[in-house]
Amino acid sequence: MTEVAGAKELSKEELLDAYRTMRTIRDFEERLHEEFATGEIPGFVHLYAGEEAIAAGFMAHLDEDDYIASTHRGHGHAIAKGCDPKAMMFEIYGKQDGLCHGKGGSMHIADLDKGMLGANGIVGGGPPLVCGVGLSARTRGTNQVAVSFTGDGGANQGTVFESLNLASAWDLPCIFVIENNGYAEATAQAFSSKGIDIAKRADGFSMPGVVVDGHDFFAVYEAAGEAIRRAREGGGPSMIECKVNRYFGHFEGDAQTYRAANEVEEVRKEKDCLMLFRRRVTSAGLVKESELDQIDEEVKNYIDECVREAKAAPEPTPEHLVTDVYASY
Amino acid sequence: MTEVAGAKELSKEELLDAYRTMRTIRDFEERLHEEFATGEIPGFVHLYAGEEAIAAGFMAHLDEDDYIASTHRGHGHAIAKGCDPKAMMFEIYGKQDGLCHGKGGSMHIADLDKGMLGANGIVGGGPPLVCGVGLSARTRGTNQVAVSFTGDGGANQGTVFESLNLASAWDLPCIFVIENNGYAEATAQAFSSKGIDIAKRADGFSMPGVVVDGHDFFAVYEAAGEAIRRAREGGGPSMIECKVNRYFGHFEGDAQTYRAANEVEEVRKEKDCLMLFRRRVTSAGLVKESELDQIDEEVKNYIDECVREAKAAPEPTPEHLVTDVYASY
Amino acid sequence: MARITYMQAINDALAQEMERDETVVVFGEDNVGGTGSPGEMDAWGGVMGVTKGLYGKFPNQIFDTPISESAFIGAAAGAACSGLRPVAELMFVDFMGVCFDQIFNQAAKFKYMFGGKAKTPMVIRTMYGAGIRAASQHSQALYPLFTHIPGLKVVVPSTPYDAKGLMIASIRDDDPVIFFENKVLYAVEGEVPDEAYAIPLGEAEIVREGDDVTIVAIGRMVSMAEQAAADLSSDGIEVEIVDPRTLSPLDTDTIYESVENTGRLVVVDEANPRCSMASDIASLVAQNCFEHLKAAPQMVTAPHAPPPFSPSLEDLYVPDPEKVADAVRKTVGQGVAS
Amino acid sequence: MARITYMQAINDALAQEMERDETVVVFGEDNVGGTGSPGEMDAWGGVMGVTKGLYGKFPNQIFDTPISESAFIGAAAGAACSGLRPVAELMFVDFMGVCFDQIFNQAAKFKYMFGGKAKTPMVIRTMYGAGIRAASQHSQALYPLFTHIPGLKVVVPSTPYDAKGLMIASIRDDDPVIFFENKVLYAVEGEVPDEAYAIPLGEAEIVREGDDVTIVAIGRMVSMAEQAAADLSSDGIEVEIVDPRTLSPLDTDTIYESVENTGRLVVVDEANPRCSMASDIASLVAQNCFEHLKAAPQMVTAPHAPPPFSPSLEDLYVPDPEKVADAVRKTVGQGVAS
Ligand SMILES: Cc1ncc(C[n+]2csc(CCOP(=O)(O)OP(=O)(O)O)c2C)c(N)n1
Ligand SMILES: Cc1ncc(C[n+]2csc(CCOP(=O)(O)OP(=O)(O)O)c2C)c(N)n1
Ligand SMILES: [Mg+2]
Ligand SMILES: [Mg+2]
């Protein structure tokens, strides 16, 4: 790859959008990390910080009526797909005006109007769903595509393999993204799938499989673009593995003693996606430092506002306990 | 492969045993085909005829305390693993003295004392079980191995992929055999997994994967031997795909209009495993035609006896309805 | 109106709905039968032939799947969220164990978890029940497991007429519906209107009127109850038979009304007894009709054992008219016939 | 004897059984935690720490698994048939949907299908219940689904003492056992003997004696019943609390005896109501203690809805002492407190 390969296709506005997406995710997650420590955030929270380039790189190619299916680590995908971060923050705080009216929480953030089929509490839950979206697009003759995200640990779940094969047999416009951050909870990919390139499994399903650096927005953008174009043109499914790191624990509260000392610090220093992006676009003269700084500032204020309002927002009222499901008795 | 490669290792007695196994399976199945037509055999019956070389080729390497897990098409595996054909015939007729006292039937023939973990009504049900046997062998420090059989259709079931990966991660002495007979019910492998060599999926699980001609006892014997030896020596799991044909319908009663005209006739003529075996061993002067003829005769009489006795045998008595399961109330 | 089988009634419902709405798609293992094969397409039309002939009429709306229930049942859920009304087949309900997550944690919960924002109009067609010597892994009833799950609708038709009307209603419903087809009933014939009609989910039917004992019977068990009723009637006992038709939602009103009149209840359920429909209905009646009950409610179910293979055992496994009649006699205090 | 937590009691039971019998092996996702990772092993000891420290003592008897529940739960069944006594963890029971086949069609049925020839001594440890804001896919109870299945034993301990004794009995049992651990109870302390002891499966415990109303309460619901009992006692209502401890087999004798004395029944079950343990027990009592019942049996359960995320809704979802007390008052005809 040349210095800013992939960037050629992108207008300045698109570059700024991508940066804003990544920055929004980063601030959203870092702020949740802080807030979680205060004890005010209920339940399990899995943070996406460090992996932003993947969500931003894929979603830059998707339209609102394209669909994604996410994982337990879903905030980044949701934000990049266009879910309202404020409504998401409300949701994570369990409030009535949350994106799912407080019924879903962090692990079930969804917005079907934005093509976001949901974070998912079940590892491997998403890939079958995108096969369905692919089938729907094919049957109705639209050129929508569907993208599922799965972790390196999730890649060993039977549902994922079945979906790869079904998408292949049915020639569906589906892209299966593997976010390989090296760990499933405390268990290393070196053990759980012997450290292989997971994308090489694509071969067993007659589809292209590529490995990209998940810290590098432009690498992701390029690989995603190729796969999504192919899918839209009827060329069938693909698998893309993004090698990446997560900055925080598996979930908030994880002491992470299974990781090497300084593991994260080093990645943050060498490979941070925001830093890499910034360096690339400014040194190529595509964007000015000050423009990015301004985004940083705006995002910071916005996330502040999200948290402030979320904390103050009202809880769901009791009658909602039994709405949105028919009551058999 | 030279004319009788693999045969070198085999004593004359072993050759005769292998032939007897294949002939017993063939006669067992052809006789069931006839008997089913009379309407006297209850339930679903899936015949193994045409695929005998696979069962015989693998089981020739296994000891009684090695284990196998089979499929809905399990008669051949059971016979080859040492289950008593007469007790099997009783079982298929649903009789009290059947191998499972009439409670299992064709789809659940099992004999744990012989290392036969059961035919299985659930496609993909067996591979997880052999992982457990592998774990048991490893934990107890025995050198047992475990072999699972799965069809080309079953190879797309999530449980199978998960088992491949688990056996790899745990370095288990397991062999995953794919019996690719080209069809899953009426659906061709050309569609269900795009006609790929299924064994190439092994690569995604860091294990060797080979394809052999499943009509050729010696080819199967050789590939099986290598994988089983490796497993016993701590070299971990393998995958072996045997390309083969089934002679009868998916189950008895299947009109098979999805198959090409004369498809089976041609295979029977060109590739029949018993014919190939006979030709090889006699032309190499290892065994005399008359010796094989004698086996044919003995087997024929024995299967006659099995059927005759099975028909006359008593049904289970009512109290057995609720034995072999604790009654909660 | 014509006399057709339960199987044909389901086929007709599928055809009429596919015709009416091209977003209705049908898929499953060998639902066409023959995909990729050198011989003919539509070679099977489902393992029992329920979807036979649909491929000829709707080649773009019916397809075969690999053997990957999690993927294609999940695909039904994903498709339902994005513009289709899929009818996916889980060949035997016994296979639920390889794909239950996509049913109960995904499809069933989307609407609730997402705060009402999802609509998941899908039908899972599945075959249940003993009676064809298919042994432990192909003969279970299992509808209690689905009935337990909030967000799923559960339908168990007992006649060709109901099969058609309930299938049409299920396809038009916006929640995921599990549609239980009894394999022994496929060959049963009945009068069925030619045109499309929907039977609302959640409405029981009174199959027979009577004042002495209420029998609630499910699916194939309705005919067992009917046979028992004839017998009992000659002894002067008139039973009322209620067929719930949908187990979730359950038409408790009709059941309660009947028991309020008869004061006696027998539930006939082909499933195993623990945490079953029989126990569900018996407990509801005990709670809600207590003051009307003149005798202890009775359950007639399979025993707490897997379905056996041997015909002689399987015949003892399924509730039969005699056992139903015995239970009825027990509630009216005439003791069990010996 | 020492005061230890429910979590520690389970850990102790596992350690003592692994020590006693080296064919007892323990595995699951991150049951050690850290396999293949650059940092320390035993980094997790299970997601909640239940198996923490076992790796240090039994490095050959405890291992991590890939995320492949079908494969490793099935492996437990295969291992149980070939010489081990595995204890496999299904981290949250909500994940059963990806591996249920290996539990209910394989492990549960081997013995029956194979005519008594198989022995499948395995334990599936799993976590259930609401209360930690883990939302719809991590908060279900689901034990009714397992109780429905013949061939499975189902254990739900409510105290540290029971957790230890029932775990030891489960490991020594020759049938597959599903062992339900309540995540909210992990931190609860109680007196637990140091030595190994087994509590027979199928024996209920009378947690509190009383003559007015029988409450049957399951798992964490026992403490809800106890709190309600204190309240009710000050109103002059003395409840008897029966903790079944194992749901399958179920100790119906103890339940019937209690109801024969009190004439009134309230079942408290954290699961959803349909085809539930509450309905199972209520229907059994209605059938078998009819002549002793003075009032309609009552069920206190979660509503027919998935568990919601929001703390304010989740707190309403789970049965609480007030709802239990209301149900008790209803059975004694004092009306619901307003
Ligand atoms: C079916 C299922 N099994 C296990 C879990 C528990 N679990 C949640 S996240 C996780 C690890 C996932 O690892 P990976 O797929 O690599 O994603 P990451 O967390 O690294 O993003 C596990 C085991 C689950 N939620 N669902
Ligand atoms: C989980 C599950 N899905 C579907 C079936 C129904 N079924 C039984 S055999 C079969 C085809 C199997 O094909 P294959 O694996 O190629 O084996 P073959 O019959 O060719 O030997 C199917 C779909 C089943 N028994 N279990
Ligand atoms: Mg990971
Ligand atoms: Mg096949």
Side-chain angles (χ1 to χ4, degrees), chain A residues 42-44 91 93-96 98 100-108 120-125 151 153-159 182-195 250 254-261 263 315-318 320-329, chain D residues 28-47 63-72 74 91-92 94-99 101 132-139 272-275 279 299 302-317:
Chain A
F44 290 112
E91 186 63 31
Y93 275 87
K95 299 306 176 73
Q96 173 61 32
C100 304
H101 299 307
K103 282 178 171 169
S106 167
M107 260 194 296
H108 305 295
N120 209 310
I122 303 298
V123 168
N156 296 319
Q157 191 64 282
T159 54
Y183 299 97
E185 297 186 348
T187 298
Q189 193 244 328
F191 160 73
S192 67
S193 45
K194 292 214 159 157
H250 170 67
D254 176 8
Q256 301 192 71
T257 58
Y258 51 88
R259 297 185 92 163
E263 189 180 304
E315 303 274 324
T317 45
H320 290 101
L321 181 62
V322 288
T323 54
D324 304 323
V325 63
Y326 81 89
S328 187
Y329 59 71
Chain D
E29 290 154 13
D30 297 290
N31 270 6
V32 178
T35 303
S37 303
E40 66 177 0
M41 284 293 278
D42 204 20
W44 275 31
V47 67
F63 4 93
D64 287 335
T65 68
I67 306 176
S68 308
E69 285 86 356
S70 276
F72 74 76
M91 191 187 293
F92 288 78
D94 311 71
F95 307 162
M96 63 165 281
V98 298
C99 61
D101 185 72
I132 66 164
R133 291 69 172 98
S136 291
Q137 296 174 340
H138 285 71
S139 307
N272 297 117
R274 307 282 327 266
C275 302
S279 67
M299 290 167 43
H304 185 70
F309 165 65
S310 176
S312 56
L313 294 179
E314 194 188 29
D315 290 343
L316 296 171
Y317 185 81

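Below, chains carry the letters A, B, ... as their sequence lines are ordered, and counting in each starts from 1. Below, each value reflects all heavy atoms present in this structure, side chains not excepted, and no hydrogens, waters or symmetry copies.
Chosen from A:G158, A:A190, A:P318, the residue pairing most often with chain D at heavy-atom distances under 4.5 Å is A:P318. Of the listed residues (A:Q256, A:Q96, A:H250), the one with the most heavy-atom contacts under 4.5 Å to chain D is A:H250. Ranking D:P38, D:G36, D:A134 against chain A, the residue ahead of the rest is D:P38, based on heavy-atom pairs under 4.5 Å. Chain A forms the most heavy-atom pairs under 4.5 Å with one residue out of D:P306, D:P66, D:G39, and that residue is D:G39. Of the listed residues (D:D94, D:D42, D:V47, D:T65), the one with the most heavy-atom contacts under 4.5 Å to chain A is D:T65.
The line from CD of A:E91 to CZ of D:F309 is 7.0 Å long, rounded to the nearest 0.5 Å. One distance of note links CG of D:L313 with NZ of A:K103; it measures 7.0 Å at 0.5 Å rounding.
Residues D:V98 and A:Q157 share a closest heavy-atom pair of CG2-NE2, 4.2 Å. For the residue pair D:A135 and A:G104, the shortest heavy atom distance occurs at CB-O, 3.5 Å. Between A:L321 and D:A305, the shortest heavy-atom distance links the atoms O-CB, 3.9 Å. Residues D:Q137 and A:I122 come closest through the heavy atom pair OE1-N, 3.4 Å. Contact record, D:H304 with A:V325: O-CG1, 3.7 Å, taken as the closest heavy-atom pair. Across all their heavy atoms, A:Y258 and D:S37 have their closest contact at O-CB, 3.3 Å.
Of the atoms belonging to D:E314, not a single heavy atom falls under 4.5 Å from chain A. In this structure, no portion of D:S70 lies under 4.5 Å from any heavy atom of chain A. For A:T317, the part sitting under 4.5 Å from any heavy atom of chain D is the backbone (N, CA, C, O) and nothing else. For A:Q189, no part lies under 4.5 angstrom from a heavy atom of chain D. Contacts of A:D254 with chain D are made by side-chain atoms alone, with heavy-atom separations under 4.5 Å and no backbone atom involved.
Put simply, the side chain of A:T257 never gets that close to the backbone of D:E40: no donor and acceptor are under 3.5 Å apart. Distance alone, capped at 3.5 Å, is enough to place a donor-acceptor pair between the D:S310 side chain and the A:G94 backbone. Between the side chain of A:N156 and the main chain of D:S68, no donor-acceptor pair closer than 3.5 Å is present.
Side-chain contact between D:E29 and A:T187 is absent, with no heavy atoms from C-beta onward closer than 4.5 Å. Inter-residue side-chain proximity for A:E185 and D:W44 is flagged as met; some heavy-atom pair is nearer than 4.5 Å. Residues A:P316 and D:S312 meet the side-chain proximity criterion, which asks for heavy atoms closer than 4.5 Å.
In this structure, D:H138 and A:F44 have tilted ring planes: the angle between them lies in the 30° to 60° band.
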